[in-house]
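Notes for the one structure printed next.
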Amino acid sequence: METDTAAFDFLVVGSGSGLDVASAAANRGQSVAVVEKGPLGGTCLNRGCIPSKKLLYHAEVRQTIERADEFGIDAEVTGVDFAEIVREVNEDVAGSSDSIYRGVQASEQHTLFEGECRFVDDRTVEVVDGPDAGARARADTVLIAAGTRPAIPPIDGIDAVDSLTSRDALQLETPPDHLVIVGGGFIAAELAHFFGTFGSDVSIVGRRQYLLPESDEDSAAALTERYDECFDVHTGYEAVAASQSGEDITVEARPYPPAWDDPSAHDPVTVTGDAVLVAAGRQPNSDTLNLGATGVETDEFGFIETDEYLRTTADGIWALGDIVGEYLLKHSANHEARAVVRNLFGDELEPVDYTAMPFAVFSSPEVAGVGVREQTLREADREYATRTYRYEDTARGQAMHAEGFVKVVAEPDGGLLGCHIVGPEASNLIEEVVVAMTAGTGSVWDIRESVHIHPALSEVVGRAFAGQFTRHGGTHEHDHQHGHEQQQSHDHDHDHEH
């Protein structure tokens with residue numbers, strides 16, 4: 001007997017940022033189907049940025065207390081209810097997801113299909129497991145926003161050991177005695193900070209020369225140097241085997257050739273702990289969807305191919321978020337969702353603009369960036385200019401005993417290409433640059449000519465954009481003053497009281 005197919009105007013696979021587009025369709029009177037195999041709210045809410053940042057703030061509070069003696073304050077941490085911290089965060093997350101669930105269920109425009117789905121033709125899906133297994137839905141317009149899952153690298157024996165994914169790690173109610181992290185990206189940096197702050201010894205095995213290899217090289221080098229002081233860090237190493245004996249898990253790693261001029265000059269390493277976190281990237285869920293029935297094409301890594309408007313290669317099917325693979329960031333997915341809404345319901349198609357897409361890593365120290373990395377320009381043999389200013393050269397930075405820097409990357413004529421920050425509140429300080437790149441003239445003058453509150457921490461950004469830049473590339477490298485001549489600002493604070 002053939003299953004009846006429910007017909008809708010709009011169908012979305014995934015309930016993260018794709019749900020924003022579904023709501024926009026519902027608000028325009030369309031009938032909407034939402035297919036979701038897990039808790040509503042997507043990766044960010046349930047197993048990503050929301051629980052991790054809630055937990056990381058607890059680590060920030062503890063670090064603040066432990067640094068109190070630097071400021072002449074006698075304070076100490078006398079106890080930590082780690083299990084209660086984790087339970088409270090996860091209960092908050094579950095409550096938020098339940099609220100979304102209740103809202104969708106109460107809506108007359110939305111119909112929720114719970115379970116994993118497969119496409120059976122170009123715009124028809126069938127739920128193949130879960131509470132609504134066997135149900136089919138079809139729509140005139142389909143949006144694929146099915147996200148990603150943790151990638152498991154080909155490590156010999158990894159399936160036979162009790163390894164953790166980031167989702168598992170966020171639910172641990174006891175910090176490991178010794179956590180071994182395989183991977184050197186955002187997740188590795190943040191969870192090393194979290195568990196290290198709450199007493200775990202941490203070892204990190206990462207393939208690239210530095211941690212955070214997708215960030216600007218100076219930022220990556222600075223974080224790697226800081227982490228090397230706190231943790232057992234092995235960058236430039238690839239995990240190749242894992243084994244378990246009782247509660248001890250051992251990871252073997254060898255030099256990763258792209259990270260070294262001469263890999264043979266470096267010995268293999270072995271690290272052992274009572275927990276192993278595999279944080280080696282994300283894999284798109286496109287392989288679970290039977291996209292062969294649709295004409296939707298993917299790239300060599302499985303990310304869905306889209307045009308600049310987020311249309312796939314199949315008529316009537318759109319895609320956004322992590323499964324597109326442009327930026328695996330929640331705010332990028334939200335940005336894409338707004339673009340899809342404009343393009344579905346607006347008068348004219350508008351391409352997605354990723355020019356000023358920022359990122360932030362809530363590590364210790366924080367790392368944030370937007371725009372072009374210096375190494376990208378250097379590898380392309382382009383002329384460019386840079387200027388770096390340190391936190392400790394501002395009054396507020398001195399008061400905070402802060403270390404770090406703001407680095408600006410610009411065209412020789414002053415066009416703003418990017419900015420990279422390492423230090424306290426980097427995730428907030430970068431926003432000034434994002435706004436300038438998005439809404440300003442695209443010049444260093446947008447920030448240079450803006451008044452910065454003295455002595456606020458934002459002065460470190462203002463001062464990074466003021467004064468002499470160093471020009472790179474071409475046949476020479478020298479200090480260069482952007483734009484028309486003006487008096488260079490001093491590199492040290494003078495506290496003028498008015």
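Here, residue 1 is the first one in the sequence, and each next residue gets the next number.
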CG (Asp315) with more than 12 external heavy atoms under 6.0 Å
no
What verdict does the side chain to side chain donor-acceptor pair (under 3.5 Å) test give for Gln244 and Asp162, after you've listed the backbone C-alpha separation in whole Å, the side-chain angles of each residue and the deciding distance to 0.1 Å?
CA-CA 8 Å; Gln244 185 164 357; Asp162 296 327; 3.1 Å; yes
Closest contact, heavy atoms only, Ala151 versus Ala280:
CB-O, 4.2 Å
In this structure, CD of Glu366 is separated from OG of Ser427 (nearest 0.5 Å) by 3.5 Å
Distance under 6.0 Å and angle within 45° of the ring axis: does Arg207 meet both against Tyr256?
yes
For Tyr389 and Phe465, what are the C-alpha separation, side-chain angles and deciding distance, and is it a ring-ring contact (aromatic ring centres under 6.0 Å, His included)?
CA-CA 9 Å; Tyr389 201 90; Phe465 280 80; over 10 Å; no
Looking only at atom types and distance, does a side-chain atom of Ser219 sit under 3.5 Å from a main-chain N or O of Ser215, one as donor and one as acceptor?
no
Using 0.5 Å steps for rounding, measure from the OG atom of Ser243 to the CD1 atom of Ile249.
9.0 Å
Side chain to side chain donor-acceptor pair (under 3.5 Å) between Glu459 and His454: does it pass, once the steps are laid out?
CA-CA 7 Å; Glu459 273 192 314; His454 177 76; 2.7 Å; yes
Any side-chain donor paired with an acceptor under 3.5 Å for Lys330 and Ser17?
yes
Least distance between heavy atoms, Leu417 atom then Ala410 atom:
CD1-C, 3.6 Å
To the nearest 0.5 Å, tell me how far Met437 CE sits from Ile447 CD1.
9.0 Å
Passes salt bridge (Lys or Arg N to Asp or Glu O under 4.0 Å), Glu217 versus Arg373? Steps please.
CA-CA 7 Å; Glu217 195 169 79; Arg373 306 173 305 170; over 6 Å; no
Ion pair Arg208/Glu214, N-O distance below 4.0 Å:
yes
Side-chain donor/acceptor of Thr294 to backbone N/O of Val296, under 3.5 Å
yes
With a 4.5 Å limit on heavy-atom distance, are the side chains of Leu277 and Leu179 in contact?
yes
Measure from the side-chain N and O atoms of Asn90 to the backbone N and O of Leu170, and report whether any donor-acceptor pair falls under 3.5 Å.
yes
Say whether, by atom type as modelled, one donor and one acceptor occur between the side chain of Asp20 and the main chain of Ala337 under 3.5 angstrom.
no
Value rounded to 0.5 Å, distance of OG in Ser332 from CG in Leu329
6.0 Å
Could you tell me whether a side-chain N or O of Asp274 sits under 3.5 Å from a main-chain N or O of His178, the two making a donor and an acceptor?
yes
Among Leu172, Val278, Ile181, find the residue that satisfies the side chain to side chain contact (heavy atoms under 4.5 Å, CB included) test when tested with Leu164.
Leu172
Other residues, nucleotides and ligands only: do more than 12 of their heavy atoms fall within 6.0 Å of CZ on Arg226?
yes
Give the C-alpha distance, both sets of side-chain angles, the deciding distance and a yes or no for side chain to side chain donor-acceptor pair (under 3.5 Å) between Thr386 and His472.
CA-CA 8 Å; Thr386 62; His472 308 269; 2.8 Å; yes
Are a donor atom and an acceptor atom from the side chains of Thr272 and Thr250 found within less than 3.5 Å of each other?
yes
Under the side chain to side chain contact (heavy atoms under 4.5 Å, CB included) test against Ile50, which residue among Leu55, Val89, Val93 passes?
Val93
Would you say Gln63 has more than 12 foreign heavy atoms packed within less than 6.0 Å of its CD?
yes
Please check this pair: side chain of His193 against backbone of Glu60, looking for a donor-acceptor N/O pair closer than 3.5 Å.
no
Could you tell me the separation between the CZ atom of Phe195 and the CZ atom of Phe231, rounded to the nearest 0.5 Å?
11.5 Å
Quick one: which of Arg387, Lys407, Arg382 gives a salt bridge (charged side-chain N to carboxylate O under 4.0 Å, His left out) with Glu374?
Lys407
Considering residues, nucleotides and ligands other than Phe345, do more than 12 of their heavy atoms fall under 6.0 Å from its CZ?
yes
Indicate yes or no: at least one non-hydrogen side-chain atom of Leu416 is less than 4.5 angstrom from one of Ser443.
no
Let me see the working for Arg149 and Asp287 under salt bridge (Lys or Arg N to Asp or Glu O under 4.0 Å), right down to the final yes or no.
CA-CA 11 Å; Arg149 61 187 184 274; Asp287 59 340; 2.8 Å; yes
Assess the pair His401 and Phe71: is the distance between their ring centroids shorter than 6.0 Å?
yes
Polar side-chain atom of Asp446 near backbone of Gly442 as donor-acceptor pair, under 3.5 Å
yes
Closer than 3.5 angstrom, by distance alone: can the side chain of His420 be matched with the main-chain N or O of Val372 as a donor-acceptor pair?
yes
Taking Thr313 for the side chain and Gly295 for the main chain, is one N or O donor matched with an acceptor at less than 3.5 Å?
yes
Let me confirm one number: the CD-CZ distance from Glu252 to Arg254, rounded to the nearest 0.5 Å.
10.5 Å
Nearest heavy-atom neighbours spanning Leu211 and Ala220:
O-CB, 3.2 Å
Main-chain N/O of Ala146 paired with Asn285 side-chain donor or acceptor, under 3.5 Å:
yes
Tyr327 and Tyr354 aromatic centres sub-6.0 Å
yes
Measure from the ring center of Phe186 to the ring center of Phe362 and say whether it is less than 6.0 Å.
no
